[in-house]
Amino acid sequence: GNAINISWTKSGNITSYELQYTTDDGLNWTPLSYIPPITSTSYSWTTPSSINSTKCRVKILGYYNGANVNDISASTFTIKPPIGSVQLVAPNGGETVIAGNAINISWTKSGNITSYELQYTTDDGLNWTPLSYIPPITSTTYSWTTPSNINSTKCRVKILGYYNGANVNDASTGTFTISAAPVIGS
């Protein structure tokens with residue numbers, strides 16, 4: 001999850017606190033597992049990675065002799081699950097393929113990624129060209145038939161993972177070669 005700083009002020013004879021959160025604008029409250037010490041007036045809360053809500057609030061309860069006072073966030077806020085990550089496994093540098101032939105692209109993924117995009121470069125990352133293939137979210141490999149007109153030692157592949165309008169990406173660590181097909185003839 002993401003870190004959210006919760007802060008409050010205190011006065012009076014409060015002897016203990018409890019922090020709670022809601023994801024439905026206060027209909028249901030869930031205690032945080034953290035109980036702040038009485039000297040504290042802030043807490044950095046790492047949100048659960050499963051929360052996806054625009055109706056979040058935090059509540060602090062202060063206790064003294066069995067009675068309590070509380071305060072709630074003045075307005076709602078949004079918590080989105082983290083996007084996750086992608087890591088390109090291959091080609092990762094040093095490979096050679098003849099233009100027009102296939103090379104296997106493979107990657108790993110974690111988190112909440114809902115779609116991918118594959119790109120390649122022939123100039124070591126200055127310009128990227130999307131592959132026309134969009135892999136299904138369940139896939140982590142693709143056999144790419146390289147364009148027949150490429151002749152470069154500065155090729156790389158990039159995988160982009162998307163979720164909720166954000167993206168993460170990873171590219172080949174080193175360059176690989178796509179060499180021109182040999183000409184057969186006299």
Set of residues satisfying ring-ring contact (aromatic ring centres under 6.0 Å, His included) with respect to F176, sequence neighbours excluded
none

Distance col, row N127:CG vs T129:OG1, nearest 0.5 angstrom, shows 7.0 Å

Taking every non-hydrogen atom, the tightest pair across T145 and G100
CG2-O, 3.3 Å

Would you say that more than 12 heavy atoms from the other residues, nucleotides or ligands in this model lie under 6.0 Å from the NZ of K154, or not?
no

Mind checking what makes side chain to side chain contact (heavy atoms under 4.5 Å, CB included) contact with A180, not counting sequence neighbours?
N151

Residues at least two apart in sequence or cross-chain that pass side chain to side chain contact (heavy atoms under 4.5 Å, CB included) with T9, listed by chain then number, are none

Can you list everything that forms a side-chain hydrogen bond (donor to acceptor under 3.5 Å, both in side chains) with T173? Sequence neighbours excluded, please.
N92

Hydrophobic clustering (ILVMFWY, side-chain heavy atoms < 4.5 Å, transitive) - are Y120 and I98 grouped together?
no

Please assess Y43 against W8 for the test ring pair (Phe, Tyr, Trp, His ring centres under 6.0 Å), listing each intermediate value before the final yes or no.
CA-CA 9 Å; Y43 174 62; W8 60 91; 8.0 Å; no

Run the side chain to side chain contact (heavy atoms under 4.5 Å, CB included) test against T177 and tell me which residues pass, sequence neighbours left out.
T96, T153, S179

Sorted by chain and number, sequence neighbours left out, salt bridge (charged side-chain N to carboxylate O under 4.0 Å, His left out) with D124 holds for R156

How far does CD of E95 sit from CD1 of I178, to the nearest 0.5 angstrom?
10.5 Å

Which residues pass the side chain to side chain contact (heavy atoms under 4.5 Å, CB included) test with T141, not counting sequence neighbours?
S106, S139

Extract all donor-acceptor atom pairs below 3.5 Å that involve side chains of residues 59-81 and protein atoms in other chains or at least two apart in sequence.
residue: Y63; atom: OH; partner: E18; partner atom: OE1; Å: 2.8
residue: S73; atom: OG; partner: V58; partner atom: N; Å: 2.8
residue: S73; atom: OG; partner: V58; partner atom: O; Å: 3.1

I need the T47 OG1 to L32 CG distance, nearest 0.5 Å.
10.0 Å

Just verifying a value: how many Å separate S44 OG and N5 CG, rounded to the nearest 0.5 Å?
6.0 Å

Just so I know, are the side chains of C56 and I51 near enough to count as touching, which here means a heavy-atom distance under 4.5 Å?
yes

Please go through V89's hydrophobic cluster and name the other residues, only I, L, V, M, F, W, Y counting, with side-chain heavy atoms under 4.5 Å joining them.
none

Is any side-chain heavy atom of P130 closer than 4.5 Å to one of L118?
no

pair I113-V168: side-chain heavy atoms closer than 4.5 Å:
yes

When Ile, Leu, Val, Met, Phe, Trp and Tyr are grouped by side-chain heavy atoms lying under 4.5 Å apart, directly or through other members, which residues fall in the same group as W128?
none

Any side-chain to backbone donor/acceptor pair from T146 onto N101? Under 3.5 Å, distance only.
yes

Looking at residues at least two apart in the chain, or sitting in another chain, which of them share a side-chain hydrogen bond (donor to acceptor under 3.5 Å, both in side chains) with S85?
S110

Quick one: list whatever passes side-chain hydrogen bond (donor to acceptor under 3.5 Å, both in side chains) with T22, sequence neighbours left out.
D24

